[in-house]
Every structure is written in structure tokens, then in C-alpha cells.
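Structure first, commentary second.
Naming: A, B, ... by sequence-line order, numbering from 1 per chain.
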Protein chains: 2
Amino acid sequence: MISFDSMKSMLDESYKHVACSSCKSRGHGLFNGISGAELDTLEAQRACNFYKKTQSLFVEGSTPRGVYCVNHGKVKVFKRGEEGKEQIIHIAKAGDLIGFRAMFSGELYKVAAESLEDSNICFIAKEDFLNMIEFNPALRNGIFKELSKELSDRADFITNMAQKSVRERLAFSLLILMDIYGEDPINLSREDLANFVGTATETLIRLLKEFKEDGCLEIEVRKLRVIDKTKLISLAGN
Amino acid sequence: MISFDSMKSMLDESYKHVACSSCKSRGHGLFNGISGAELDTLEAQRACNFYKKTQSLFVEGSTPRGVYCVNHGKVKVFKRGEEGKEQIIHIAKAGDLIGFRAMFSGELYKVAAESLEDSNICFIAKEDFLNMIEFNPALRNGIFKELSKELSDRADFITNMAQKSVRERLAFSLLILMDIYGEDPINLSREDLANFVGTATETLIRLLKEFKEDGCLEIEVRKLRVIDKTKLISLAGN
DNA sequence: AAATAAATATGATTTTCGTCATTTTTTAGC
DNA sequence: GCTAAAAAATGACGAAAATCATATTTATTT
């Protein structure tokens, strides 16, 4: 049985057919430099789909066929380690593009993606996307920039993983998640959060309790709200 | 005082002026799709320099002015954590390009690079490089592909860091280093190796001893030689 | 070649964190 | 609203790996 909210979203046509012109990806994202005619083309080519919570966009090892543009919602991008434990590499929010790495590598997906909440996500086929890039230098440079930024972020991620304690990593992760969730409370299962921080779920739960007792966090069942960012920054040791 | 080898390298002009046409970066690297006229331009624009061991190419926080193409030698790309401990993100070998991420991001270097051995490294100024990319779709796609590959590698790296034991990570790292060093023995200080694996130097030394006793590794002072790759693969748990 | 410095190695100890077992709470299905 | 299942929480324990102290070997300098 699907939830009332899901139902509402599925029925609400505005969720399914969102104009590219009003998509957040044009505000801060890659499609920033998209002009009138190209915008129309994009609008015509992309397919807009609704994903309810925990639905899969693509799995590790499958063939990339295009890129995904998050119009509304959140998506986790993750890898599975040997024992099947997920490592969340990235959490995409509205306006973010997913899966364009695989457009260029010519390889199968090395990661998987799954919605973390009810989401509205558009799909742009590989050839259409590559075509746009071919003839739009601004977009091309945007992609270069985005790939570069992600590379840099991952270098940080690696360094944190290698050198910081789980406590520091959690503090750091919460700061990142604050940016992603904005005004909303951070809405992740304990397991997902643990898989983002890179620790055991039990350890994560204990640390969250500590942070709460330290007065920098409010905890509801699935919702975390940072109430002392300054303290969190000092806990992250940066 | 510089070593005899360094001296020899510095005096040997063939080290300083290597033809792009015979550079390894054309064999397996980005400049694969470079044709006659462009190759000549590249040849004319690039400056070839000799770096002795432990010399810095660029430091964290400085302004990127171009890309570095390793003609001969090895270069470590690393980040410093809070307490100044290095985390090696990548080790570049002959034919690899370094620092092109920063070409596109418009930001300062977020990492540093330093030669691990006496090396011959060419420099291509930012504007020249961007110019080449602008007018060479094949090169452009090569860059996309390379950036994508590195992103994927780093996702693996993060997952390994988060989920594997130090022993497994060391085994995995040695396998990567085998590819980088090819026929040559792996030539890294214990500290550098520890900073690549992401562990304390003491822990690394103890594990190397174990691997040696297990018969998969031959250890000279600074040189490691894998003698049982199969065993190493099983130790890496992959 | 001796002296100093740097890198490597080893031992003892402590801390962090993962694992396993179990309980409590929350969510979803009927 | 009750039941089953899933998620969250807590406790006890042990293993892995960091830290600190110190010794030994190798490199560098004079």
C-alpha cells in the first residue's frame, strides 16, 4: 500500500510535468547556461518521472542510458562493499544531476542510486545529453567544473576517512547534510547515516546521543536538527 | 649535495628535452588523439623541466597556471589533514597528467604535488591547454573520460577506507602500486606508503613484516617486490 | 671515516570502534 | 487496533589499530 503523501504526489500532475525553466538545476546547477531554444529542446527531450521513497534509479553493473536531473527530493549514490554494506558516496538534492560520470567513461555503472524520499526526477537520454554538450561550450565547461568539484570533494572525503575519528566524521557529515537539507531537518535512517559516515550503525547511534547531550543536536525518530553549528564545527576539527 | 644520479640526470640533455611524439602520454594517456599539426603546437608550447626527488610541483592553496605531464618518474598528489599528516590521493607515473582538475574549477589547488623520484615533467600553460581542448573534441572526450575514471576510482577508495581493515587496504594498495611501478620494485618510504594506505607508519611496518613472513613480499630498505600476487589479492578481500 | 640526522623497526599500552546479543520503539500490513 | 516486521537503542566484550617510548639501522653531512 502506498502512503497518502505518495498518492498525492503521484496524482498531482505538477509533480510529473515540471517545466525545465523553473527547475532548480537552472538556478545553481549545470543547466545554468541554457538559453531559450536549447531550453525548449531540453524540455521536449527529457522525461519526467516520479520515484517514491527507496525506489532504485539504477544499480551497480547496469548500462548507463542517460542522466538524471533531480527536480524535487533526495537521492543517495552509493557503492556496495564486499559484505554488501553500502557506502554512500554522495547525496543529491533538487537541481543536481546524477549519473553523468558514466556518460563519458563508456563503462557500466560503478555505483547505484536510490531515492531517499518521494522524488521527482527527470531523465535525459545519453545521445540527447551528449549532443547538447557537443554544441554548448558553456554547458561543457559546467560539466568540467562539476566533475572537478566532485573530484576535489572526494579527495577531502578520503582524507577525512583516513585521518579523522568517527566522531569528527559524523560532525563533518552533519555539516554537509545541513547544506543539502537546508531549512528542513536531516531526514535519514540511522543506517543510511552510518553508511554515509562510514561506521557501524550502533556506533553512530551512540554518537548521536552524545551530540544530543552536548546540546548541538535535536533528535526525533528519523529527523535530526542541528541547533549548535559552531559546536559541530569544532567537533569536526576543521 | 645532490646525488650522482641526480647530477647525471640534470646534465643529460635528453632528460630535459623530450619529444612529445615519444612521450608515454601519447601511448596510454590523454594526448592519444593528438595529430601532426597539434602535436607540433604542443611541442612548441610545453616547457620541459627536471625535478629531483622530493621537489614540489605545486602546493595546496596556490594558483593553478597549467597542467603537468609526467614524462619520466613518479609524482605523489596529496592533501594535508589537520595535524599536517599527508593523505596521498594519487600517484602519477610516466604519461600521466597532473593538475588539470584545477584548470576547470577556477579555484586554488586543493591538493599538493611532489616528485617521489628524479623526474622529467613538462608544463603546459593553462591558456594553451584550454585552447587545445576548445578545438579538439577527441582530447575533450579524453578529459571527460579521465575525470570520470578518477571519480570512479575515488568512490572505490572511499568505500575501501570505510569498510576494509588496514591489512586489506595495504594489500589493495600494493596491487595498485604494482600497476604503477610495473616491472620495477615499489619504491616508497614507509611513511609515504602509510599515507597512501591511510594508517600509522608503525602499523604499516608491522603489516609489511607479516606479508613478508606470509611469503608474498620481498622487502629491501626502500624497495618492495610482490612475489605472490594471488595471495595478495585474497588478502585484499576482493 | 666519524658524527649527526633521518628512517625504520619493535615493544608496551590505551583507545576507539566493531561485533554480537538483547530490548525497546516505531512502522507497516491486515 | 492488533500483529508482525523493521528500525532504533543499549550493554558487554573483544579485536584492531593508534600512540608513545625507545632501539636499531641506514643516509647524509662534515
Side-chain angles (χ1 to χ4, degrees), chain A residues 1-7 52-54 81-87 116-118 160-171 173 186-195 197-213 217-224 235 237, chain B residues 1-7 52-54 81-87 116-118 160-171 173 186-195 197-213 217-224 235 237:
Chain A
M1 180 51 142
I2 56 175
S3 72
F4 177 72
D5 272 349
S6 300
M7 182 70 95
K52 54 181 183 169
K53 190 175 161 179
T54 75
E82 291 168 78
E83 274 98 41
K85 187 176 161 70
E86 291 179 9
Q87 176 60 43
L116 285 166
E117 34 184 271
D118 289 357
N160 282 340
M161 280 291 182
Q163 301 190 4
K164 289 189 171 185
S165 67
V166 175
R167 176 177 288 103
E168 290 171 312
R169 263 148 51 198
L170 172 57
S173 298
I186 297 164
N187 183 359
L188 279 176
S189 72
R190 297 291 183 269
E191 195 179 353
D192 278 336
L193 188 49
N195 292 341
V197 175
T199 188
T201 309
E202 295 95 321
T203 303
L204 177 110
I205 288 169
R206 282 179 248 265
L207 285 172
L208 278 184
K209 196 181 167 191
E210 271 187 43
F211 281 20
K212 182 185 170 190
E213 283 162 358
L217 210 59
E218 259 175 11
I219 304 182
E220 273 172 81
V221 180
R222 222 187 114 105
K223 291 187 162 86
L224 305 176
L235 276 168
Chain B
M1 181 55 139
I2 57 176
S3 71
F4 176 72
D5 272 348
S6 301
M7 182 70 94
K52 53 181 185 170
K53 190 176 164 179
T54 75
E82 292 169 77
E83 274 99 40
K85 187 177 161 68
E86 291 179 9
Q87 176 59 42
L116 285 166
E117 33 185 90
D118 290 357
N160 281 341
M161 280 290 180
Q163 300 189 4
K164 288 190 172 184
S165 67
V166 175
R167 177 177 287 101
E168 289 171 313
R169 264 149 50 200
L170 172 57
S173 298
I186 296 164
N187 183 359
L188 280 175
S189 72
R190 299 291 182 268
E191 195 179 354
D192 278 336
L193 187 50
N195 291 342
V197 175
T199 188
T201 310
E202 295 95 321
T203 304
L204 177 110
I205 288 168
R206 280 179 249 264
L207 285 172
L208 279 184
K209 196 182 167 189
E210 273 187 43
F211 281 20
K212 181 185 169 189
E213 283 162 359
L217 210 60
E218 259 175 8
I219 303 182
E220 275 173 78
V221 180
R222 220 188 114 106
K223 292 187 162 85
L224 306 175
L235 276 169

Write out a two-atom table: protein N or O, nucleotide N or O from nucleotides 16-21 of chain C, distance below 3.5 Å.
from, atom 1, to, atom 2, distance (Å)
C:dC17, OP1, A:Val166, N, 2.8
C:dG18, OP1, A:Thr199, OG1, 3.2
C:dG18, OP2, A:Thr199, OG1, 2.7
C:dG18, OP2, A:Ala200, N, 3.4
C:dG18, OP2, A:Thr203, OG1, 2.8
C:dT19, O4, A:Arg206, NH2, 3.1
C:dC20, N4, A:Glu202, OE2, 3.1

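- The distance between atom CD1 of A:Ile219 and atom C1' of D:dA7, rounded to the nearest whole Å, is 15 Å.
- The distance from atom CD of A:Glu220 to atom C1' of D:dA7 is 16 Å, rounded to the nearest whole Å.
- When the side-chain nitrogen and oxygen atoms of B:Lys209 are compared with OP1 and OP2 of C:dA9, none of them lie within a distance under 4.0 Å.
- Within 6.0 Å of atom CD in B:Glu168, more than 12 heavy atoms from other residues, nucleotides or ligands are found, so the atom counts as buried in its surroundings.
- For the pair A:Leu224 CG and D:dA8 C1', the computed distance is 12 Å after rounding to whole Å.
- Of the side-chain N and O atoms in A:Arg222, none sit less than 4.0 angstrom from OP1 or OP2 of D:dA8.
- The structure places CG of A:Leu217 at 7.0 Å from CD1 of A:Ile186, a figure rounded to the nearest 0.5 Å.
- The interatomic distance linking B:Asn187 (CG) with D:dT26 (C1') rounds to 14 Å, in whole Å.
- Applying the salt bridge (charged side-chain N to carboxylate O under 4.0 Å, His left out) test to B:Glu218 and every residue at least two apart in sequence or in another chain returns nothing.
- For B:Glu202, there are no salt bridge (charged side-chain N to carboxylate O under 4.0 Å, His left out) partners two or more places apart in sequence or in a different chain.
- By the salt bridge (charged side-chain N to carboxylate O under 4.0 Å, His left out) test, B:Arg206 pairs with no residue at all, sequence neighbours left out.
- Under the rule for a side chain to side chain contact (heavy atoms under 4.5 Å, CB included), the partners of A:Gln163 that lie at least two apart in sequence or sit in another chain are A:Thr159, B:Lys85, B:Gln87.
- At whole-Å resolution of the value, CG in B:Asn195 and P in C:dT8 are 12 Å apart.
- With sequence neighbours excluded, no residue forms a salt bridge (charged side-chain N to carboxylate O under 4.0 Å, His left out) with B:Glu117.
- Listed by chain and residue number, B:Ile219 satisfy the side chain to side chain contact (heavy atoms under 4.5 Å, CB included) test with B:Lys212 (two or more places apart in sequence, or in another chain).
- Note: CG (B:Leu170) to P (D:dA17) measures 11 Å, nearest angstrom.
- Regarding A:Ile205, its CD1 atom lies at a distance of 13 Å from the C1' atom of D:dA6, rounded to whole Å.
- Partners of B:Lys223 by side chain to side chain contact (heavy atoms under 4.5 Å, CB included), not counting sequence neighbours, listed by chain and number: B:Pro185, B:Asn187, B:Glu220.
- For the helix from C:dA1-D:dT30 to C:dC30-D:dG1, the end axes, each set by the C1' atoms of five terminal pairs, are bent relative to each other by 60° (nearest 10°).
- In this structure, B:Glu168 places its CD atom 14 Å from C1' of D:dA15, rounding to the nearest Å.
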